[in-house]
Every structure is written in structure tokens, then in C-alpha cells.
Amino acid sequence: MLDIRRIREEYESVKAAVESRGQGDFGLADALALDAERRALIAETEQMKSRQNAVSKEIPQIKKAGGDATAVLAEMKELSDKVKEVDAKLAEAEEKLRAALLGIPNTPDASVPVGSDDSENVELRRFGEPTAFGFEPKPHWDIGTDLDILDFERAAKIAGARFTVNKGLGAKLERSVVNFMLNLHTREHGYTEILPPFMVNRAAMTGTGQLPKFEDDMFHVPAKDFFLVPTAEVPLTNLYMDEILDGAMLPHYITAYTPCFRKEAGSAGRDTRGLIRVHQFNKVELVKFAKPEESWDELESLTAAAEEVLKRLALPYRVVALSTGDLGFSSAKTYDIEVWMPSYGRYVEISSCSNFTDYQARRAGIRFRREPGAKPEFVHTLNGSGLAVGRTVAAILENYQQEDGSVSVPEALRHYVGADVIR
RNA sequence: GGAGAAGUAGCGAAGUGGUCGGAACGCGGCGCACUCGAAAUGCGUUUACGGGGUGACUCGUACGUGGGUUCGAAUCCCACCUUCUCCGCCA
């Protein structure tokens with residue numbers, strides 16, 4: 001969430017930044033009014049509490065001296081009732097303000113291209129060229145089905161639409177990609193591997209911004225009020241929820257493999273075939289905690305770490321900067337990495353790397369101390385896919401397919417898969 | 001799932017309705033003294049959030065979390081969370 005003091009003191013510039021997303025002011029004006037109401041109520045109740053505390057100290061002395069406290073007690077009873085009344089109003093105002101703040105997105109960084117949607121995203125760079133074929137290439141769902149390494153029909157039987165079963169070398173390829181990515185990031189990019197719970201509570205989902213606005217997109221487990229993780233960003237970022245970190249440990253890099261669960265509500269009819277849009281997919285996630293002054297450099301190196309996966313797999317890709325209209329709710333700036341997908345005839349998102357500045361940290365209460373004894377400050381949080389595993393497998397199948405229907409295994413994966421070709 | 005115990009500052013731990021809860025006491029940390037230096041010793045110091053004030057400062061809140069009783073709650077009552085012990089179940 002945004003800092004209410006910043007909204008109060010720099011209202012016009014915050015308003016302009018939020019409105020650059022092209023969806024109005026997200027109730028920013030309401031938040032400002034609620035804040036004024038809240039502060040007036042605080043002044044009122046604290047004055048009464050101060051009086052209450054002072055008299056409460058006198059009461060035992062009156063009693064000890066054998067005096068009659070009846071009149072004072074009556075006055076205090078009245079005061080106590082008034083305090084309760086004002087406190088109730090204050091709690092209501094604070095809750096309303098909190099709800100209003102949770103509904104306001106992060107302010108896009110000044111470097112983010114202004115635009116209304118993804119058509120105004122800006123391409124920054126490309127690696128490789130779209131794969132050329134001397135034959136008619138097949139989409140990955142046909143390749144996988146023909147090789148009997150992907151089974152969408154049986155997945156539908158045991159679960160439903162938008163699920164996949166990987167078989168044989170298909171399962172091994174998926175596992176190999178996970179291991180390849182984790183090894184790369186932990187051995188060469190300085191990330192510490194985490195294996196987190198795949199279910200999290202409401203506080204964690206709120207900390208990273210999935211709740212309260214996007215509850216309908218998540219799978220919920222009512223028995224314990226848990227949510228299946230939609231991305232490892234949630235357990236990883238919230239690892240340090242409500243903590244004050246030692247500044248010496250920053251920047252701090254962590255990575256995790258998890259399955260990700262998404263309802264994909266509202267995407268009916270889109271990407272219905274194959275591995276691109278499913279209810280459960282594997283992903284390796286990269287998360288960073290950084291000091292404010294270093295977070296923009298950290299965004300560049302995080303994106304570079306994700307790109308490195310595609311470079312080593314020799315998959316063609318490009319990097320785009322999302323425009324203000326396409327930017328995620330909590331993000332101040334996002335680079336999407338898009339891999340070439342022959343069946344789509346275009347580049348498809350395979351990673352989204354964002355700097356959330358202090359937006360998530362404020363929601364989740366993640367702070368740091370520069371020096372022992374220094375005032376705690378909010379950290380900056382960043383994350384990016386490193387990468388989406390199912391989409392990586394789809395891209396491998398499509399870009400590495402051969403005319404005879406087999407798929408050659410990328411050099412970097414051969415010793416993981418234990419085969420040069422899947423046939 | 002059942003029974004019991006516990007949750008107080010960085011750690012350990014006292015406090016069973018007020019008059020020492022920022023909080024006893026011990027350890028740790030920091031500063032000073034002593035010392036050539038260190039250890040030992042002595043003295044001092046040590047939270048976070050919010051409101052008001054240019055500021056010195058000041059007021060409020062916080063004893064796992066959320067409610068309740070009371071003029072007043074760490075203390076009494078209710079619910080929940082977490083940890084530990086035992087029983088049951090289980091990969």
C-alpha cells in the first residue's frame with residue numbers, strides 16, 4: 001500500500017502517477033478524506049485517555065487516604081463510555097482507510113512508458129531470431145500427444161479442463177527444467193533455495209497484494225481458510241512478514257520452485273489448448289529484498305538472471321517494458337520476458353520481473369535497519385519468474401521439434417534428461 | 001482428533017486487579033571509567049507504531065491475536081493462533 005503521509009503531503013503528484021494507469025484515481029480522494037477524519041478522532045480520544053490515565057492513578061490514593069471516591073468513579077464511568085464511543089468511531093474510520101489504501105495501486109515509476117494497455121508496451125531488446133522451419137511445425141500439444149509425453153485427455157478425466165499429465169520423458173523434461181533453473185540461480189546468481197508451503201494464509205495473500213482485490217482468481221481451502229499459492233512470490237516475499245531485517249543482509253536473494261494454482265476465471269476461450277494457460281503449472285520464482293537506493297539496479301540484474309535461462313536454452317525471446325495501463329497492481333515497473341512460440345506466431349510471456357518498491361513491504365510489514373540502532377525503514381521487494389516451467393517446456397517442444405516428429409533436447413538439459421532426443 | 005502446559009523486550013525470566021510496564025532480576029548489545037591493551041569490575045544506556053509541535057519535547061497505543069467484564073486488565077472471562085508433553089491416527 002502507499003504511505004498515507006505521502007498521499008497527504010504529495011497529493012497532486014501521487015494522484016497523477018496513479019491516474020497514469022488510466023483507470024481513475026482508485027479512491028485516492030476518499031483516502032485523503034478518511035485520513036483527516038481519522039486524525040481528528042485520534043486527537044479527541046487521546047485527550048480523554050490522558051485524563052483517564054491521570055485520574056486512574058489518583059483513585060487508589062484517595063482510597064488509601066480513606067476518602068470517598070464515589071463521585072470520581074461516576075465521572076470516570078461517564079468518560080469511559082465516551083472513550084469507547086469515540087474509539088469505535090475511530091476503529092471504523094481506520095478500517096475504512098485501510099480498505100481504501102488496499103484498493104490503491106502502486107505509483108508507476110517515471111521511467112514506465114505511459115499507455116492504455118499492452119499494445120503500448122515498449123520492446124527493449126531481442127535475443128535470437130524467430131525459429132525457421134523447413135517443414136510445417138506442429139503446436140506443442142500435438143507434439144506432446146504424438147510423442148505420448150503429454151496427456152491432456154486423461155488429465156481432464158482425473159481433474160478437468162486446463163490440467164496436464166506429463167508422462168515418461170515429458171515428466172522428466174519438466175523436472176529437468178526445474179533443476180536446471182534452480183541450479184543456475186543458486187550456483188551462479190547468488191540465490192538461496194527455499195522450499196515453501198504450497199498453501200498460505202490470508203495475511204500472506206494480503207501482504208503481496210493478491211487479497212482483497214483478486215480473491216476470485218485463487219483456489220481457496222475453506223476448512224482452514226488457506227489459499228493454494230498462485231505463485232511462489234507469496235510465500236517467498238512473506239517469509240519476512242512483520243520482521244526488521246539487518247541491513248547487512250541486503251540485498252537478499254531467494255528462489256523457489258512451486259506449483260502455482262490459478263482459477264483463470266475470465267479467461268474462458270483464451271489459450272484453451274496446451275500448456276500456456278492451465279490451473280496448475282510449475283514455476284521457479286526469484287525474489288529479492290533490497291535497500292531503496294539499490295532496487296532499480298536489482299531489477300536489471302534480476303531480469304538478466306531470468307533471461308540467462310533462455311540464453312542457455314537458446315530459445316529466442318524479447319524483453320518489453322510494460323506500459324502504465326498494463327502494469328500489475330502492486331508494481332512500480334515491470335519487464336516482461338516473452339519467448340518465441342511458433343504455434344502462436346508471436347512472443348508469449350514467460351517471465352514478469354517487477355520492482356514493487358516499498359508497496360508490498362508496507363503491506364507485509366517488512367523493514368530493515370541500516371545500522372544497529374537506526375530507525376527501521378521499509379525494504380524494496382522485487383520478483384520475477386525464473387521461469388515459468390510449463391511454458392518453457394512448451395517453447396522447447398515447439399522450437400526444437402524435428403521434421404520426423406521428434407524433439408531434440410537443448411544442450412544445457414541433456415545431462416539432466418539423460419537423452420539427446422525425445423522420440 | 002482428545003487431554004494437559006505454555007506464549008511478557010535480542011535471549012532467559014519475575015510479576016495474579018491500581019500506587020515502577022519500557023516493564024524487576026540475569027544474560028547479551030552499546031557508551032564511559034579503571035587498564036599500555038584486554039579480561040574482570042563499576043557506572044550509565046538499550047522497543048516499535050501513531051497523533052501534535054519548526055524544534056527541545058509531548059500525548060496515546062502495544063504483555064501471542066481478537067473480543068468481553070471493570071472507573072482501571074499482563075493479571076478475571078470467551079474465542080482463535082502458535083509451541084511443548086502425552087494419547088489416537090497416519091505417509
Side-chain angles (χ1 to χ4, degrees), chain A residues 1-9 31-102 195-207 211-212 220-227 235 238-249 259 358-379:
Chain A
M1 68 179 81
L2 298 180
D3 183 0
I4 185 61
R5 269 184 282 186
R6 185 173 153 224
I7 294 175
R8 200 189 297 154
E9 287 159 20
L32 193 66
L34 285 165
D35 176 53
E37 184 188 338
R38 166 183 151 267
R39 281 184 298 149
L41 288 167
I42 286 172
E44 195 180 340
T45 185
E46 288 192 352
Q47 210 174 348
M48 289 192 286
K49 280 178 185 168
S50 182
R51 162 94 182 132
Q52 212 174 21
N53 288 341
V55 176
S56 279
K57 276 179 192 156
E58 290 166 17
I59 289 174
Q61 285 165 4
I62 295 171
K63 285 189 173 173
K64 209 164 210 174
D68 179 11
T70 316
V72 183
L73 289 184
E75 186 209 331
M76 285 300 102
K77 172 66 178 162
E78 205 178 313
L79 185 60
S80 169
D81 288 344
K82 265 193 227 162
V83 167
K84 268 176 198 156
E85 198 182 301
V86 177
D87 270 348
K89 276 200 254 177
L90 176 60
E92 196 187 328
E94 280 181 335
E95 185 45 43
K96 276 193 201 160
L97 176 61
R98 201 183 91 89
L101 288 174
L102 288 180
L195 184 59
F198 299 163
M199 290 190 259
V200 296
N201 59 31
R202 202 166 272 279
M205 291 290 278
T206 305
L211 294 183
H220 182 233
V221 183
K224 296 283 269 176
D225 201 21
F226 289 152
F227 293 85
N238 288 295
L239 268 188
Y240 300 110
M241 179 163 47
D242 295 323
E243 291 192 36
I244 300 175
L245 305 175
D246 179 357
M249 74 180 270
D358 59 356
Y359 187 89
Q360 289 182 329
R362 182 169 284 106
R363 283 174 91 121
I366 308 169
R367 291 172 292 170
F368 77 102
R369 245 188 260 280
R370 282 179 193 276
E371 309 289 337
K375 276 274 159 205
E377 300 171 55
F378 286 107
V379 300

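Letters go in sequence order (proteins before strands), and every chain restarts at 1.
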Item checked: Sidechain-backbone polar pair: A/Arg363 side chain, A/Thr206 backbone, donor-acceptor under 3.5 Å -> yes
Item checked: Reported NE2-to-CZ distance for the pair A/His220 and A/Phe227, which is rounded to 0.5 angstrom -> 4.0 Å
Next item on the list: With rounding to the nearest 0.5 Å, note down the distance linking CG in A/Asn201 to CG in A/Asp225.
Entry: 8.5 Å
Notebook entry, point to check: More than 12 foreign heavy atoms under 6.0 Å from CE of A/Met199: is that the case here?
Noted result: no
Notebook entry, point to check: For RNA chain B, whose closest nucleotide is more 5', that of A/Arg369 or that of A/Ile59?
Noted result: A/Arg369
Next item on the list: Can you tell me the distance, in whole Å, between the CE atom of A/Met48 and the P atom of B/C71?
Entry: 17 Å
Checklist line | Of A/Gln47 and A/Lys375, the one whose closest RNA chain B nucleotide lies more 5' | finding: A/Lys375
Next item on the list: Among the candidates B/C49, B/C71, B/G60, find the nucleotide nearest to the side-chain atoms of A/Ser50.
Entry: B/G60
Checklist line | Short N-O contact, A/Lys96 and A/Glu92, less than 4.0 angstrom | finding: yes
Got a list of protein N/O to nucleotides 51-57 of chain B N/O distances below 3.5 Å?
from  : atom 1 : to      : atom 2 : distance (Å)
B/G51 : OP1    : A/Arg8  : NH2    : 3.3
B/G52 : OP1    : A/Arg39 : NH1    : 2.9

Note to self: From CG of A/Leu41 over to P of B/G60, roughly how many Å is that when rounded to an integer?
What the structure shows: 18 Å
Next item on the list: Output the distance between atom CG (A/Leu73) and atom CD1 (A/Ile59), rounded to the nearest 0.5 Å.
Entry: 5.0 Å
Next item on the list: Calculate the interatomic distance between A/Arg367 atom CZ and B/A48 atom P; express it in whole Å.
Entry: 9 Å
Next item on the list: Check whether any side-chain N or O of A/Asn53 sits under 4.0 Å from OP1 or OP2 of B/U61, and answer yes or no.
Entry: yes
Are any protein N/O atoms closer than 3.5 Å to N/O atoms in nucleotides 63-69 of chain B? If there are, list each pair with its distance.
none

Check: Roughly how far, to the nearest 0.5 Å, is the CD1 atom of A/Ile7 from the CD1 atom of A/Ile4?
Finding: 4.5 Å
Notebook entry, point to check: Could you spell out the base pairing of RNA chain B in dot-bracket, with Watson-Crick or G-U pairs whose two distances are under 3.5 Å, [ ] crossing and | to another strand?
Noted result: ((((((((.[[[..)..(......]]]((((((.......))))))((((((....)))))).[[[[[..)....]]]]])))))))....
Checklist line | Nearest-angstrom distance, P atom, B/A73 to B/G22 | finding: 14 Å
Check: In whole angstrom, what separates A/Glu243's CD from B/G10's P?
Finding: 12 Å
Notebook entry, point to check: What pair of heavy atoms forms the shortest contact from A/Val55 to A/Val72, and how long is it?
Noted result: CG1-CG1, 3.5 Å
Notebook entry, point to check: In residues 71-79 of chain A, which residues come under 4.0 Å of RNA chain B by heavy atom?
Noted result: A/Leu73, A/Met76, A/Lys77
Next item on the list: Whole angstrom is fine here: how far is it from CD1 in A/Ile244 over to P in B/A9?
Entry: 14 Å
Notebook entry, point to check: What interatomic distance, in whole Å, is found between C1' of B/A5 and the corresponding atom of B/U58?
Noted result: 43 Å
Item checked: Whole-Å gap separating P (B/G72) and CG (A/Asp87) -> 12 Å
Notebook entry, point to check: Expressed in angstrom and rounded to an integer, what is the separation of A/Met1 atom CE from B/G50 atom P?
Noted result: 12 Å
Check: NZ of A/Lys57 versus C1' of B/C59: gap in Å, rounded?
Finding: 12 Å
What side-chain donor-acceptor pairs closer than 3.5 Å can you find for residues 37-48 of chain A, not counting sequence neighbours?
from    : atom 1 : to      : atom 2 : distance (Å)
A/Arg38 : NH1    : A/Asp35 : OD1    : 2.7
A/Arg39 : NE     : A/Asp35 : OD2    : 3.4
A/Thr45 : OG1    : A/Asp87 : OD1    : 2.9

Notebook entry, point to check: Which whole number of Å gives the distance between the P atom of B/C76 and that of B/U85?
Noted result: 26 Å
Next item on the list: Using a heavy-atom cut-off of under 4.0 Å over every strand shown, decide if A/Lys224 touches base, sugar-phosphate, or nothing.
Entry: nothing
Check: Please, which pairs that meet side chain to side chain donor-acceptor pair (under 3.5 Å) have at least one residue in residues 74-83 of chain A, sequence neighbours excluded?
Finding: A/Arg51-A/Glu75
Note to self: What's the gap between B/A23 and B/G29 when it is taken at their P atoms, as a whole Å value?
What the structure shows: 22 Å
Checklist line | Whole-Å C1' distance, B/C77 and B/U70 | finding: 12 Å
Notebook entry, point to check: What distance separates A/Leu90 CG from A/Glu85 CD, expressed to the nearest 0.5 Å?
Noted result: 13.0 Å
Item checked: NZ on A/Lys375 to CD1 on A/Ile244, rounded to 0.5 Å -> 9.5 Å
Margin query: Taking B/G12 as the reference, what is the distance to B/G7 when you measure between their P atoms (whole Å, please)?
Written below: 11 Å
Notebook entry, point to check: OP1 or OP2 of B/U70 sitting under 4.0 Å from any side-chain N/O of A/Ser80?
Noted result: no
